[in-house]
2 protein chains.
Amino acid sequence: MYVTISAENTKAALTAPLGTTATPCSETRLKAQSYLYLEGDDVDWVYQVISGVVRLTRLLADGRRQVIAFGYPGDIVGFPVDGVHHTDCEALTETRLQPYRRLCLENGECSPSLHRALLQAALREIGAMQDHFMMLGRKSAVEKVASFLSVLAERVGEDVGDYKQFTLPMCRSDIADFLGLTMETVSRTFTKLRKNNIIAIDNIHTIIVLRPTELQALTLGERD
Amino acid sequence: MYVTISAENTKAALTAPLGTTATPCSETRLKAQSYLYLEGDDVDWVYQVISGVVRLTRLLADGRRQVIAFGYPGDIVGFPVDGVHHTDCEALTETRLQPYRRLCLENGECSPSLHRALLQAALREIGAMQDHFMMLGRKSAVEKVASFLSVLAERVGEDVGDYKQFTLPMCRSDIADFLGLTMETVSRTFTKLRKNNIIAIDNIHTIIVLRPTELQALTLGERD
DNA sequence: CGGGTTCTTGACTATCTTCAACGAAAGTGG
DNA sequence: CCACTTTCGTTGAAGATAGTCAAGAACCCG
């Protein structure tokens, strides 16, 4: 999952399974905090997240970290770069994944419809990443956090009265490393949104969006 | 072209043409400052840059701009997202491009080797963009500019004695919008590198890297 | 040569980071 | 179940990095 400029993707489109034909391989299960693969590992499979959430990260030698994406149900993770994984992938919650052979994507060694679906997923990935560039390069802290929460509310939020509620399976520093901020700035921005009654923070990992429209407006720089 | 963490790609690999078989379509020529496509246009072709340089951009409603990538010879531009272009693409110099049918990439309606080559290019694009996230999210101004110049020196620099020389076909604000900085910061950083004798600026658009090793070190945060 | 654009530089400011302390929550072992 | 420890999150104060605004210099092109 990336924080796209406009969250125009519908839940339906995103969470639809890829193959309509019988899948050749049974699902993979992953406990929270366990790794699916590490940077440099050979790629044999790409995975579609069925349930749960995973985190893709890259590390710099000096310890700086960038969270590349969060993988929510419907997302495909593990695209190979020259046959090798280019990020680490860790499960944030217990996660179920549907594996697809790498060669199905790369050589079409499977049903044409599945090959096409994986390819389309890769192309959508490129588009989503392009959006995320704008986010990292050109948005303020408030805009980044508002975008992040807005997309999550849209994608995984549950209606609670007039509000949208969802849980954050990742910690604050994961969010910070995803948005190119520090943990402290993320925390302060959450507090600011809470004090302005845009959101409520029930449990630390449970967000309630009280005013979705205002949150959406902050996404593009209206005053807070 | 993205500013990758380690410029380990060789020139040869990057500039190799995709299809060894006869290409079905003659090359496209583009004058400097003319657009190849705009965001929202339907995609009929993807293009490999043969010579010249193009610039891919995305715009926000309020005018903020992100340069997504520069397309140098060997690069593929124009990957479709749901059949539609997701960026604007403008030629920075006179440019020659080899078009390939979109359906060759998406449906394999061409030679299998060409289909595979385009697919591999898309997957490499994903990997390169992941690297660029680190750049935008986690690097300082000096690191960004040093990375940018270092990659260019490696990729298009010509040996002049012990030095590497190359021209910048883009203006300072293009570089700024690529790196997530302002024009002024880019300019100041150039000056700093020049005063430290890491680079020389011959003409405004001609850079000579005097100390490639030091420049490379600045890429990852060694003191300047 | 002149006019417009692009680039550089300076002074000032804003935003975000850093460092540090504290508090809340969660895990551990008796 | 409770005390202890550790991790994670929040908050504050101070500082640094990059942004803004403005002026002047260099470059480009007819």
Side-chain angles (χ1 to χ4, degrees), chain A residues 31-33 55 62-67 92-93 135-146 148-149 167-196 199-207 218 221 223-224, chain B residues 31-33 55 60 62-67 92-93 135-149 167-196 199-207 218 221 223-224:
Chain A
K31 290 208 188 76
Q33 272 73 266
R55 185 195 63 206
D62 61 8
R64 280 180 287 182
R65 194 179 70 144
Q66 179 71 37
V67 171
L92 295 176
T93 66
M135 177 90 174
L136 285 171
R138 286 286 169 242
K139 288 201 177 187
S140 70
V142 172
E143 291 171 325
K144 285 175 176 180
V145 172
F148 180 68
L149 295 178
T167 62
L168 296 173
M170 69 291 288
C171 66
R172 295 290 189 267
S173 62
D174 286 340
I175 299 173
D177 287 342
F178 181 59
L179 300 178
L181 300 169
T182 59
M183 216 192 64
E184 292 92 332
T185 300
V186 170
S187 182
R188 271 185 256 268
T189 308
F190 271 61
T191 302
K192 198 173 185 178
L193 294 175
R194 182 171 52 71
K195 289 192 175 161
N196 292 346
I199 64 171
I201 302 173
D202 182 16
N203 169 302
I204 284 180
H205 292 285
T206 305
I207 303 293
L218 289 177
R223 266 316 72 212
D224 50 305
Chain B
K31 290 207 188 74
Q33 272 74 265
R55 185 195 65 207
L60 232 46
D62 62 8
R64 279 180 287 182
R65 195 181 70 146
Q66 179 71 38
V67 171
L92 295 175
T93 66
M135 176 90 177
L136 285 171
R138 287 285 168 242
K139 289 201 175 186
S140 70
V142 172
E143 291 171 323
K144 286 176 178 182
V145 171
S147 301
F148 181 68
L149 295 178
T167 61
L168 295 173
M170 70 291 287
C171 65
R172 295 291 188 268
S173 63
D174 286 339
I175 299 173
D177 287 342
F178 181 59
L179 299 178
L181 300 170
T182 59
M183 219 192 60
E184 292 90 333
T185 300
V186 170
S187 181
R188 271 186 257 268
T189 308
F190 271 58
T191 301
K192 199 173 185 179
L193 293 175
R194 182 170 52 72
K195 288 192 175 160
N196 291 346
I199 63 171
I201 302 173
D202 181 16
N203 169 302
I204 284 181
H205 292 284
T206 306
I207 303 292
L218 289 178
R223 267 316 70 210
D224 49 303

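Quick note on labels: first sequence line is chain A, next is B, and so on, each numbered from 1.
- Rounded to an integer number of Å, the gap from CG of A:N203 to C1' of D:dT10 is 15 Å.
- Distance check, rounded to the nearest 0.5 Å: CZ of B:R188 to NZ of B:K192 gives 10.5 Å.
- Note that CG of B:D177 is 14.0 Å distant from CZ of B:R172, once rounded to the nearest 0.5 Å.
- End-to-end axis angle of the helix from C:dC1-D:dG30 to C:dG30-D:dC1, using five pairs per end and rounding to 10°, comes to 50°.
- Listed for the A:K144 side chain is a donor-acceptor partner under 3.5 Å among the backbone atoms of A:L179.
- As a whole-Å value, the separation of A:R138 CZ from D:dT20 C1' is 13 Å.
- When rounded to the nearest whole Å, the span between NZ of A:K139 and P of C:dT15 equals 17 Å.
- Taking B:S140 as the reference, B:V142, B:E143 meet the side chain to side chain contact (heavy atoms under 4.5 Å, CB included) condition, with sequence neighbours excluded.
- One atom, NZ of A:K192, and another, C1' of C:dA14, lie 11 Å apart when rounded to the nearest Å.
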Could you write out each protein N or O paired with an N or O of nucleotides 6-8 of chain C at a distance under 3.5 Å?
{"from": "C:dC7", "atom 1": "OP1", "to": "B:R172", "atom 2": "N", "distance (Å)": "3.4"}
{"from": "C:dC7", "atom 1": "OP2", "to": "B:R172", "atom 2": "N", "distance (Å)": "3.3"}
{"from": "C:dT8", "atom 1": "OP1", "to": "B:R172", "atom 2": "NH2", "distance (Å)": "3.2"}
{"from": "C:dT8", "atom 1": "OP2", "to": "B:R172", "atom 2": "NE", "distance (Å)": "2.9"}
{"from": "C:dT8", "atom 1": "OP2", "to": "B:S187", "atom 2": "OG", "distance (Å)": "2.8"}
{"from": "C:dT8", "atom 1": "O5'", "to": "B:S187", "atom 2": "OG", "distance (Å)": "3.0"}

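- A 4.5 Å side-chain heavy-atom check between B:V67 and B:I175 finds every atom pair outside the cut-off.
- In this structure, A:R65 forms no cation-pi arrangement with A:F178, as its terminal cationic atom is not both closer than 6.0 Å to the ring centre and no more than 45° off the ring axis.
- Atom-to-atom, CG of B:L179 to P of D:dA18 comes out at 12 Å; the value is rounded to the nearest Å.
- Nucleotide C:dA14 holds its C1' atom 16 Å from the CG atom of B:L181, rounded to whole Å.
- Under a 3.5 Å cut-off, the side chain of A:R64 and the backbone N or O of B:R138 do form a donor-acceptor pair.
- Contact annotation: the side chain of A:T191 never approaches that of A:T189 to less than 4.5 Å [non-hydrogen atoms, C-beta and beyond].
- Using a 4.0 Å cut-off, some side-chain N or O of A:T185 falls inside it from OP1 or OP2 of C:dT17.
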